[in-house]
**Q** 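Sending over a structure as structure tokens; questions will come in a sec.
Computed from a predicted structure; not experimentally measured. Chain letters run A, B, ... following the sequence lines, proteins first and then strands; every chain starts at 1.
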Amino acid sequence: MALRVYNTLTGEKEHFVPLVPGKAGMYVCGVTVYDYCHIGHARANVVFDIIFRYLTYAGYDVTYVRNYTDIDDKIINRANQEGVDYRTIADRYIQAFDEDMARLGLAKPTVEPKATDHIGDIIAIIETLIAKGHAYASEGDVYFAVETFPAYLKLSGRNLEEMQAGARVEVGEKKRNPMDFALWKGSKPGEPWWQSPWGQGRPGWHIECSAMSMEFLGKTFDFHGGGKDLIFPHHENEIAQSEAANGCQFVRYWLHNGFVNINSEKMSKSLGNFFTIRQVLDKFDPETLRFFILSAHYRSPIDFSDQNLDEAQAGLERIYACLAAMDEILDGRPTSAELPTVESLPPSGEELSEKIRLLIPRFVEAMDDDFNTAQALGVLFETVRASNRFLAETGEYSPVALSLIAQIRRLFTETGNVLGLFARRPADWLAGIQAAKAGQIDISADEIERLIVERSEARKARDFKRGDEIRDMLLAKGIQLLDSPQGTSWKVK
RNA sequence: GGCGGCGUAGCCAAGUGGUAAGGCAGAGGUCUGCAAAACCUUUAUUCAGCGGUUCAAAUCCGCUCGCCGCCUCCA
């Protein structure tokens, strides 16, 4: 039982061996705060949230750093458009990001540094690079000279000559090589700036991540994550800067999540098939979105569509319904701390007992295999089925049965905590889903309750015709009645 | 053109050498006055196609077909 992770750098799954035993350092590229986050950001952040949680669950003392890039061309452009200071834009979207991530149930990283709080560190690295001959100043800018770093492009597996051959790279006159990239940009009038040895300016994109990761995690650390699209140029450039400056390996395991497609098409602003997290959460429950993201492996592409989200919600409802049933049984009843003995249980109890015994090992096995959340969810669904069966077949709850139910309930809390799921009280979550659906029907809850009473009276009088009439009428309006020995409840279909 | 990935049931999706998880949808059954919910059973002799390696392949190798991503800001 050992964690294996797919490392983009080697293209293979490798056993995770921490740099410092018992500890794990992880840096994930956060957002450039110039706009609201879209569902691609949602996926990336949920994925790394799970990785963070799982590493912690696996016993590592994790330092998780996720930055805000709060100075960049796009932020400046946006500020100019609106006629406000860049800081206004950055702060607004930092706040929006925090709100979105909180709604998606993300755990807070250990540190969430901002690029602009590390300008001094950035300048220090650039000075080192210049001193070592890896960078050069040119008319107020500073560029990294890619030819001085032989390992350049080792992450993306490209080579310099071919990239230049098909070059869509503009040949900046200030650059010696078109592939050189900016470490520092001289500021134009009206732009935000910081004082530097090369005049007033601001950091280029990429260098802030080198500076912040080094500050909080050291020159070499375990994990660096981000979307696949960051492999080139962002991560490639980070490697070049950091390794050239420090003379040692930068990151040991590179992790990259796959893209989100929309209705099987690449998501892009130009296609107009672009959804912000806020737009999606107007329509779907945040936990449903998270569950949907976890239903596929993090490196695979995932297709966002109403149908797929609806299916995810149906699956999540199944689990929550099972948990709600357990909670109802456990509510107010004392449970024995003793483990039930198998001899005293019916066959479905023995099966459940076995599922309980294997749940954590199987869950861990799935997660240890490159964070295979889809497989982990499969394990949970099998447990749901065994639980439902046990509940359905058990009429009277003996102390042993209650203990078993309590135990399985605790395991759902434990695994749910790793996946960021099932934190809500199941009855409340289900009620929330019902309420959301109820917004789409044209009949009030009071009216439904009144009809249910009328129906049960009719049924008591054995007037089934009238009773069925009411049931069918409600069904036509999308209301599904659920009869049980305790009475009749309803839900929106 | 260069680099990389994918193709598993109606749909979504695990599975990297040992004989196809799970979810959704569907069908039959138990329950029910009849239903619904829940539960049970069932739905891929087969993993795009063709060859090869092997005692054994969805899994490894080669070729073909189809789809996609990156190479420009991007999670």
**Q** Mind calculating the distance between CZ (A:Phe464) and C1' (B:A35) to the nearest angstrom?
**A** 12 Å

**Q** Rounding to a whole Å, what distance do you find between A:Asp370:CG and B:G15:P?
**A** 9 Å

**Q** Between B:C68 and A:Asn261, is there an OP1 or OP2 to side-chain N/O distance shorter than 4.0 Å?
**A** no

**Q** For A:Asp368 and B:A14, give me the distance from atom CG to atom P, rounded to whole Å.
**A** 18 Å

**Q** With rounding to the closest Å, how many angstrom separate the C1' atoms on B:A20 and B:U45?
**A** 10 Å

**Q** Nearest to the A:Asp483 side chain among B:C34, B:G2, B:A75, which nucleotide is it?
**A** B:C34

**Q** Tell me which nucleotide among B:A37, B:A13, B:C70 gets nearest to the side chain of A:Ala374.
**A** B:A13

**Q** Under a 3.5 Å limit for both distances, which nucleotide forms a Watson-Crick or G-U wobble pair with B:A14, could you say?
**A** none

**Q** Are A:Asp303 and A:Phe292 side-chain neighbours, meaning at least one heavy-atom pair lies under 4.5 Å?
**A** no

**Q** Does B:C39 have OP1 or OP2 under 4.0 Å away from a side-chain N or O of A:Arg318?
**A** yes

**Q** Would you say a side-chain N or O of A:Arg385 is under 4.0 Å from OP1 or OP2 of B:G22?
**A** yes

**Q** Give one of base, sugar-phosphate or nothing for A:Lys74, where a contact means two heavy atoms less than 4.0 Å apart.
**A** sugar-phosphate

**Q** Paired with B:C3: which nucleotide, if any, by Watson-Crick or G-U wobble criteria at under 3.5 Å for both distances?
**A** B:G69

**Q** Among B:U16, B:G69, B:G23, find the nucleotide with the atom closest to the side chain of A:Lys13.
**A** B:U16

**Q** Hey, does A:Lys266 reach any base, or is it just sugar-phosphate, or nothing, if we go heavy atoms under 4.0 Å?
**A** sugar-phosphate

**Q** If you count every heavy atom of other residues, nucleotides or ligands that lies below 6.0 Å from A:Glu328 atom CD, does the total exceed 12?
**A** no

**Q** Below 4.0 angstrom, N of the basic side chain to O of the carboxylate: do A:Lys13 and A:Asp370 qualify?
**A** no

**Q** If I pick the P atom on B:C6 and the same atom on B:G10, what distance separates them, to the nearest angstrom?
**A** 23 Å

**Q** Check every atom of B:C39, B:A37, B:A13 against the side chain of A:Ala392 and return the nucleotide holding the closest atom.
**A** B:C39

**Q** Which nucleotide, B:C39, B:C12, B:A75, lies nearest any side-chain atom of A:Glu311?
**A** B:C12

**Q** May I ask you to decide whether A:Asp310 forms a salt bridge with A:Lys283, counting only side-chain N to carboxylate O separations under 4.0 Å?
**A** no

**Q** Say we look at B:C65 and B:C73: how far apart would their P atoms be, to the nearest angstrom?
**A** 33 Å

**Q** Is it true that A:Glu82 and A:Arg78 make a salt bridge, defined as a side-chain N closer than 4.0 Å to a carboxylate O?
**A** yes

**Q** Between B:A44 and B:G15, how far is it from one C1' atom to the other, in whole Å?
**A** 14 Å

**Q** Counting side-chain heavy atoms from CB outward, which of B:A35, B:C73, B:C71 is closest to A:Arg471?
**A** B:A35

**Q** Searching all strands shown, indicate the nucleotide that pairs with B:A21 (Watson-Crick or G-U wobble; both distances under 3.5 Å).
**A** none

**Q** Measure from CG on A:Asp369 to C1' on B:G15 and round the result to the nearest Å.
**A** 9 Å

**Q** Taking only the side-chain nitrogens and oxygens of A:Ser300, find out if one of them lies under 4.0 Å from OP1 or OP2 of B:A14.
**A** yes

**Q** For atom P, what is the distance between B:A14 and B:C50, given to the nearest Å?
**A** 25 Å

**Q** Using a cut-off of strictly less than 4.0 Å, decide whether A:Arg459 has a side-chain nitrogen or oxygen near OP1 or OP2 of B:G33.
**A** no

**Q** Determine the interatomic distance between C1' on B:C47 and the same-named atom on B:A36; round to the nearest Å.
**A** 37 Å

**Q** Given the P atoms of B:U43 and B:G23, what is the spacing between them in whole Å?
**A** 14 Å

**Q** Figure out the CG/C1' separation between A:Leu482 and B:A36, and round it to whole Å.
**A** 7 Å

**Q** Give the nucleotide from the list B:A75, B:C39, B:G22 with an atom nearest to the side chain of A:Glu382.
**A** B:G22

**Q** Assess whether a salt bridge exists between A:Glu447 and A:Arg450, defined as any Lys/Arg side-chain N lying under 4.0 Å from an Asp/Glu carboxylate O.
**A** yes

**Q** If I take atom CG in residue A:Leu294 and atom P in nucleotide B:G22, what distance separates them, rounded to the nearest angstrom?
**A** 19 Å

**Q** Tell me whether the OP1 or OP2 atom of B:C40 has a side-chain N or O from A:Arg389 closer than 4.0 Å.
**A** yes

**Q** Could you measure between the two P atoms, the one in B:G4 and the one in B:G62, and give it in whole Å?
**A** 12 Å

**Q** How close or far is atom P of B:A21 from atom CD of A:Gln375, stated in whole angstroms?
**A** 12 Å

**Q** Could you work out which one of B:A75, B:A21, B:G23 sits closest to the side chain of A:Val31?
**A** B:A75

